[in-house]
Amino acid sequence: LAETMYHDRMLAHYEACSLETLGNALKLLVDWRVLQRRQIPQRAASAAAAAKGKAPPAMVEGIALLPPYTGRAALSQLAASIGRFRRPAAVRAPVDSLSSTLAADLPMLARL
């Protein structure tokens, strides 16, 4: 999914597709006390268990924002502070201009 989002230009940086990068970012945000890991009931399991009168639902790991980052302003300020360290994304040509350029450079592609 992440690679598809990158190729659809929804993600500017390819490293955003890496599970290791995302895991490191999550650990750092927990260390900075921006996020907290929590055990929460699995919703589908809790509804089914309640309907059948069974044991408590299975728990899954989740995350939650901690104060003061629960507000949009503080979260935006944090994102801007982190963003200052990011290198600019490589400029990528729009798909339409890229395909027309390839067709002009390689005429056999125009027939496909």
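Note: hydrogens, waters and symmetry copies are ignored here, and every other heavy atom, side chains too, is used.
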What is the distance from atom [atom1] of [X] to atom [atom2] of [Y], rounded to the nearest 0.5 Å?
X	Y	atom1	atom2	value
L29	K27	CG	NZ	11.0 Å
L28	I82	CG	CD1	7.0 Å
C17	H7	SG	NE2	7.0 Å

Strictly below 4.0 Å, N to O, side chains only: are R37 and E61 in salt-bridge contact?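 The answer is yes: the pair qualifies as a salt bridge.
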Which atom of L65 lies closest to which atom of T70, heavy atoms considered: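 Answer, listing the atom of L65 first, then T70: O-CG2, 3.6 Å.
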For a quick test of reading the model, state the closest non-hydrogen atom pair linking A74 to P68 and the distance between them.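 It is CB-O, 3.3 Å.
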When you group the ILVMFWY residues by side-chain heavy-atom contacts below 4.5 Å and let the links chain together, are I63 and V30 in the same group?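 Result: yes, single cluster for both.
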Quick check: does any side chain N or O of S76 sit under 3.5 Å from a backbone N or O of R72, one acting as donor and the other as acceptor?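 Yes, the answer is positive, given that a donor and an acceptor are paired below the 3.5 Å cut-off.
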Please indicate whether Q39 has more than 12 foreign heavy atoms, meaning atoms of other residues, nucleotides or ligands, lying under 6.0 Å from its CD.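 Yes, enclosed.
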Is it the case that over 12 heavy atoms from other parts of the model lie below 6.0 angstrom from the CD atom of Q77?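 Counting other residues, nucleotides and ligands, CD of Q77 stays at 12 neighbours or fewer.
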Answer whether the closest heavy-atom distance between the side chains of [X] and [Y] falls below 4.5 Å.
X	Y	value
L78	W32	yes
R38	Q36	yes
V34	L66	no

